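Reading through the structure tokens given below for one structure.
None of these values were measured; they are calculated from a predicted model. Residue indices begin at 1 and follow the sequence shown.
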Amino acid sequence: NDPRFNPEFDRLTGYRTHSMLCMPIVARAERKIGVMQILNRKGGVFTPGDERRLQAFSAQAAVAIENAQLFEAVSAERNYNEAMLHSMNSGVLTLDAEGILIKVNESALRILRRGADELVGHPLDQHFTGRNAWVVRSLEKVRASGSSDITVDTDLFVAGAEAISVNLATVPLTSMRGEAIGYMLMLEDITKEKRLRNTMSRYMSKTVMDQLLEGGDAVLGGTGRDVSVLFSDIRGFTSISERLGAKETVALLNEYFTEMVDIVFAHNGVLDKYIGDMIMAVFGSVLQSKDDASNAVLVGNRMMTGLYALNDRRAAR
């Protein structure tokens with residue numbers, strides 16, 4: 001008979017509601033997370049005693065619901081962390097306080113060419129010995145200092161493969177209370193990047209190479225721009241090569257190209273190609289500036305003066 005009650009529910013279900021007691025389910029910090037409801041008390045209407053009992057029961061329900069929500073949140077966070085480890089390109093190895101491996105992600109297994117059963121449950125120094133002992137030394141340094149240790153561009157020797165180049169970061173793991181609970185090693189395989197850099201260094205200066213690598217895939221689509229191109233070749237090269245012979249000609253070109261390309265790189269030029277004794281260099285294709293044309297002319301002048309110095313050295317020999 002209470003005006004707040006909607007009789008439509010009874011009409012739909014065939015149930016007959018005579019009396020009702022509702023109690024909020026209150027979690028910590030007075031956070032209301034639900035409502036508990038009981039209907040149709042036998043033997044009369046609900047009493048203050050019933051209200052106290054329902055309040056106690058709803059308090060127990062609040063604890064159970066909070067625990068279930070907490071478990072769900074912890075499970076979700078764990079699944080998220082597992083997914084994050086799985087998707088990382090860097091290898092991650094976690095160790096307990098005693099240096100025993102307890103977790104290794106897929107990237108670490110790929111980098112080390114090992115199976116999880118070979119690594120997990122074993123001490124770190126059992127796997128990184130001999131030429132790889134520097135990994136254990138990094139862990140010992142972190143254990144002694146309590147701070148992170150970073151090793152850059154170092155060879156790691158793995159089974160069934162030649163040395164790979166890696167970056168290693170070793171960091172201490174601490175609890176929310178600041179207690180040491182273990183260590184984490186992050187391995188980044190830079191073998192391909194190093195090989196790429198070594199290749200690119202033969203065609204451009206470090207400044208231009210860094211700019212090109214920072215551009216990533218964005219530069220692969222190509223772009224239209226004004227550039228300056230320098231062509232240079234050796235005057236009378238055909239007669240020189242006939243006089244010197246094959247071996248001396250190769251030695252001459254190696255020495256000449258080394259001198260000339262260094263001059264090109266010093267002014268942000270990119271070596272496009274060698275064509276016999278000719279050098280083709282481009283200015284402004286990657287690292288563009290208002291001085292590209294001037295740099296091309298300047299390099300031409302510097303190549304002439306560099307050639308005089310080269311000829312003097314060759315004559316003295």
Side-chain angles (χ1 to χ4, degrees), residues 1-110 115-117 119-121 142 146-148 169-188:
N1 296 327
D2 192 292
R4 293 172 294 179
F5 176 67
N6 181 3
E8 185 64 23
F9 291 104
D10 278 6
R11 281 196 291 270
L12 290 173
T13 62
Y15 190 80
R16 181 73 174 92
T17 302
H18 297 284
S19 58
M20 179 188 301
L21 176 60
C22 295
M23 181 68 61
I25 302 174
V26 182
R28 284 175 295 183
E30 300 299 315
R31 185 169 58 94
K32 295 179 177 63
I33 59 174
V35 175
M36 186 170 288
Q37 179 189 82
I38 54 176
L39 304 175
N40 295 355
R41 185 183 190 279
K42 293 181 180 180
V45 298
F46 290 106
T47 66
D50 297 325
E51 187 175 342
R52 288 191 297 273
R53 281 191 289 272
L54 185 59
Q55 186 176 24
F57 193 61
S58 69
Q60 296 295 322
V63 172
I65 292 171
E66 271 199 306
N67 287 340
Q69 290 177 334
L70 180 61
F71 178 79
E72 185 178 4
V74 170
S75 297
E77 185 173 353
R78 180 179 178 182
N79 291 336
Y80 177 80
N81 290 336
E82 291 287 341
M84 185 169 62
L85 280 175
H86 177 76
S87 62
M88 287 178 67
N89 289 325
S90 297
V92 178
L93 301 91
T94 56
L95 305 91
D96 63 14
E98 303 302 320
I100 306 297
L101 283 160
I102 57 175
K103 186 72 178 176
V104 183
N105 74 344
E106 285 78 0
S107 293
L109 299 177
R110 172 179 49 79
D117 53 343
L119 298 172
V120 176
V142 172
S147 57
S148 302
T170 307
V171 299
L173 298 177
T174 55
S175 67
M176 297 296 291
R177 292 177 291 184
E179 300 169 340
I181 59 175
Y183 308 91
M184 180 171 68
L185 279 68
M186 295 188 66
L187 278 171
E188 181 187 11

Determine whether [X] and [Y] make a side-chain contact, defined as any pair of heavy atoms from C-beta on separated by less than 4.5 Å.
| X | Y | answer |
| --- | --- | --- |
| N40 | T17 | yes |
| R31 | E66 | yes |
| V26 | E30 | yes |
| R41 | L21 | no |

When rounded to the nearest 0.5 angstrom, what distance separates [atom1] in [X] from [atom2] in [Y]?
| X | Y | atom1 | atom2 | value |
| --- | --- | --- | --- | --- |
| I33 | Q69 | CD1 | CD | 5.5 Å |
| Q37 | L54 | CD | CG | 10.0 Å |
| Q55 | M23 | CD | CE | 5.0 Å |
| L119 | K103 | CG | NZ | 12.5 Å |
| S107 | M186 | OG | CE | 9.5 Å |
| I102 | L95 | CD1 | CG | 7.0 Å |

Taking everything shown except [X] itself, do over 12 heavy atoms lie less than 6.0 Å from its [atom1]?
| X | atom1 | value |
| --- | --- | --- |
| E72 | CD | no |
| R28 | CZ | no |
| F57 | CZ | no |
| F71 | CZ | no |

If you compare all heavy atoms of [X] against all heavy atoms of [Y], which two are closest, and at what distance to 0.1 Å?
| X | Y | answer |
| --- | --- | --- |
| G146 | P172 | O-CG, 3.4 Å |
| I25 | S58 | CG2-O, 3.7 Å |
| L39 | Y15 | CD1-CE2, 3.9 Å |
| S148 | V171 | OG-CG1, 3.2 Å |
| V142 | Y183 | CG1-CD2, 4.0 Å |

Any sub-3.5 Å donor-acceptor pair from N67's side-chain atoms to A64's backbone N or O?
no

